[in-house]
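Working notes for the structure below.
Chain letters run A, B, ... following the sequence lines, proteins first and then strands; every chain starts at 1. Just so it is clear, the values below take in all heavy atoms, side chains as well, and ignore hydrogens, waters and symmetry mates. Values in this document were obtained by computation on a predicted structure and should not be read as measured data.
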Amino acid sequence: MNIYQPHLMTINKVIQETPDIKTFHLVFQDEEMRDNFRFKAGQFAEYSAFGHGESTFCIASSPTRMDHIECCFRSVGKNTAGLFGLSEGDTVGFRGPYGNVFPLDKFKGKDLIFIAGGIALPPLRSVIWNVLDKAEDFGHISIVYGARTVEDLVYKREIEEWEQMPNVTVVKTVDPGGETPEWKGHVGFVPHILENEFAPNPDNTIALICGPPIMIKFTFEALDRLGFKQDQLITTLENRMKCGLGKCGRCNIGSTYVCLDGPVFWAEELAKLPKEY
Amino acid sequence: MKTATLQKSDIGKCLDLLIQSQKRVIAPQLRPRLDSPDAIDVLMLTPLENGDNHQVGQGILPLNGVKEFLFVKHEPILAFENKDNKVHIKEVHHKYPETIIFGVRPCDAASIASQNAVFSSDNAGYNDQFFTKRLENTTIVTYSCTTGDQSCFCTSVGLEPDSDRGSDLHLTELPDNTLHVEIKTPAGERVANILAPLLQGEGDQAARDTAGKEAHKNVSRIRNSHLIKAWLDDQSNFDDEMWERLGEKCIGCGACTFMCPTCHCFDIVDETRGSKGYRIKFWDSCQFDHFTLHSSGHNPRDKQYKRYRNRFTCKFKIYQDKFNAQGCVGCGRCIRDCPVNLDITEYMKEVDLKASLPNALRQDPDFE
Ligand SMILES: Cc1cc2nc3c(=O)[nH]c(=O)nc-3n(C[C@H](O)[C@H](O)[C@H](O)COP(=O)(O)OP(=O)(O)OC[C@H]3O[C@@H](n4cnc5c(N)ncnc54)[C@H](O)[C@@H]3O)c2cc1C
Ligand code: SF4
Ligand code: SF4
Ligand code: SF4
Ligand code: FES
């Protein structure tokens, strides 16, 4: 078997999330794959527009909803622009699932706070729907989500849906200057709003954080001041990747290969890594 | 273990016999480095048409290692075609000819196990068939060194100039111009069978061991290189001032990584013509500034010295931790081929010193 050979998937639906971000709904062309493909929340895959290359995106849909797979990506370079130009009915390549998972078993019976910035909501969204589909296993769900501007928020319809749910609290914010006259959320950076406006209680709570390295750093510090312990914080890293298989040598932080040992890390695991992410 | 004796002057005939048995035979030869009438000849591992003009046992190391015959510089890993709005993918069927690489130096032979640890299924169960199928069809005939040059340091990383690690058939030169032949594996035995008309009686093991010991004396050694791993394990040394001071002159050309027999990094891109295309896997380097650059502009290794710190750490810690294999085989190519004379043994010596010093002295602010 050729480990670099992708499966072919058909784009069933395209959602334009923001001017430069799209969601694809993808279905395997091979019937056997459609029936047998399994993954867990937190895992990623390599997606390709043939002729353009491959890119690493998380699997943004939930393993509890297997009628299709979703990815959500920003057009930033060669392959993502190639993907961006595809339409419903077109074919993409898919290799995966790769990487480790969010240990949902360890979250059972606890309140969960999801904290994301910008394009980093997709990896958490997989977990959000996963726990909402098994709501009886978990406590209260909070979602703190921010982007640069109102226009840059992804999953706008789903955020409204979550706001309507009785066991879910949504705290949304945009960076100062990014608001519109109609904006009903907060204005300010995610770590600041989290600490000063939302100020969650750390008791029996796990915080899942996803965003650029600088946001992770400030969010950890804010949560620390709120009384969260290291073993209550879990995050994902997005080191640049290519193979996803531990071979191309691109994603390592010291001896830790993010594609094999990550992308999900507890804060205490991160603390043991050299600061090279 | 079976041994035999071979006349050194019969190497050309050996190569001819192997070529006649329909094998692809690769051995060191002098080749012009550039496609120019003024180009100087350098020692290169080259596929041979006949046994004339071989340089087996001559010089120290060929410019290229065995790496490029196993982990190919640039190779298609998938073919695809866009037809009627549909994508069709096809396996690419490479030929993996039965290959004998003849006259491989011990350090190069040892590096194969390191590459294999990355590309075989030993690494998280993912088998890169483009590497492993080539390796299955490759036989390594090693040739002990009698001396190293100024850049060789195999003896500092647990190897010897006469090591037989990674060897199928091992040759050691004796003072009487014969070669001591050791058959190490069934593949080596098959080669020995082809060479049978040229092999004489049993080898002289005692003479071989003496030759090995003599050669050992000719390679310089860093005393406490075994302390490097523990020093790197100590995370406080990640910010040691040494990294920036020694790495400052690196220009990030990547030569050291391309020439290194254990460096394994690659990139994957698509190349297309019209509606058809190939997905290509090709050598890349952790010394390049875009290697770890995120789309956001953030770069975890944003300075050149950090990229070299990664390279050094990869050789002396990551390979061991992650792949349970040797990271550096001491071949010295990264020293010989660096345009700014950055020398990995300078790092090794400095770490050796830092790691050997008692704590009190290490913390003395006046100590440099
Ligand atoms: C585990 C993981 C999960 C990710 N999930 C998502 C996701 O859900 N949605 C999303 O939009 N993006 C995600 N990314 C980032 C995404 O992989 C890159 O944006 C994408 O690969 C860029 O591809 P390209 O060919 O368009 O870019 P290129 O043309 O190759 O490069 C354009 C720019 O992007 C940078 N870049 C290239 N590849 C990567 C990479 N793999 N990671 C980071 N930067 C890169 C380049 O340095 C350059 O600055 C994720 C990355 C990782 C490692
Ligand atoms: S490093 Fe050792 S084995 Fe390699 S060429 Fe030099 S002397 Fe020979
Ligand atoms: S790091 Fe340098 S000396 Fe060590 S194996 Fe690579 S090229 Fe040879
Ligand atoms: S160490 Fe030398 S060979 Fe390696 S990247 Fe730097 S300048 Fe180039
Ligand atoms: S992405 Fe290739 S080694 Fe991790």
message: Restricting to side chain to side chain contact (heavy atoms under 4.5 Å, CB included), what partner residues turn up for B/Asn64, sequence neighbours left out?
response: B/Met44, B/Leu45, B/Pro62, B/Glu68, B/Phe69

query: Centroid-to-centroid, B/Tyr126 to A/Tyr4, below 6.0 Å?
result: no

- request: Could you look at A/Leu273 and say if it's the side chain, the backbone, both or neither that has a heavy atom under 4.5 Å from chain B?
  value: backbone

- line: Cut-off 4.5 Å, heavy atoms of chain B, and the answer for A/Leu8 is side chain

message: Using heavy-atom distances under 4.5 Å, tell me whether A/Met1 contacts chain B through its side chain, its backbone, both, or neither.
response: backbone

- line: Under 4.5 Å to a heavy atom of chain B? For A/Pro274 that would be both

A/Asn79 and B/Asp270 side chains, donor-acceptor separation under 3.5 Å: no

task: Find the one option among B/Thr272, B/Leu293, B/Val87 whose heavy-atom pairs under 4.5 Å with chain A are most numerous.
output: B/Val87

- prompt: Which of parallel (below 30°), tilted (30 to 60°) and perpendicular (above 60°) describes B/Phe80 and A/Phe50?
  reply: tilted

- prompt: Would B/His264 and A/Lys247 satisfy side chain to side chain contact (heavy atoms under 4.5 Å, CB included), going step by step from the backbone distance to the final call?
  reply: CA-CA 7 Å; B/His264 61 84; A/Lys247 305 209 187 279; 5.6 Å; no

- prompt: Below 4.5 Å, heavy atoms only, C-beta onward: do B/His298 and A/Pro213 meet side chain to side chain?
  reply: yes

message: Here's one to test your reading of the geometry: is the NZ or CZ of A/Arg240 within 45 degrees of the ring axis of B/Phe291 and under 6.0 Å from its centre?
response: no

query: Given a strict heavy-atom distance threshold of 4.5 Å, which part of B/Asp128 is in contact with chain A: side chain, backbone, both, or neither?
result: both

message: Taking side chain as everything from C-beta outward and backbone as N, CA, C, O, which of these in A/Pro6 sits under 4.5 Å from a heavy atom of chain B? Side chain, backbone, both or neither.
response: both

task: With a 4.5 Å heavy-atom cut-off (strictly below), which parts of residues 277-285 of chain B touch chain A? List them by number.
output: B/Arg279, B/Lys281, B/Asp284

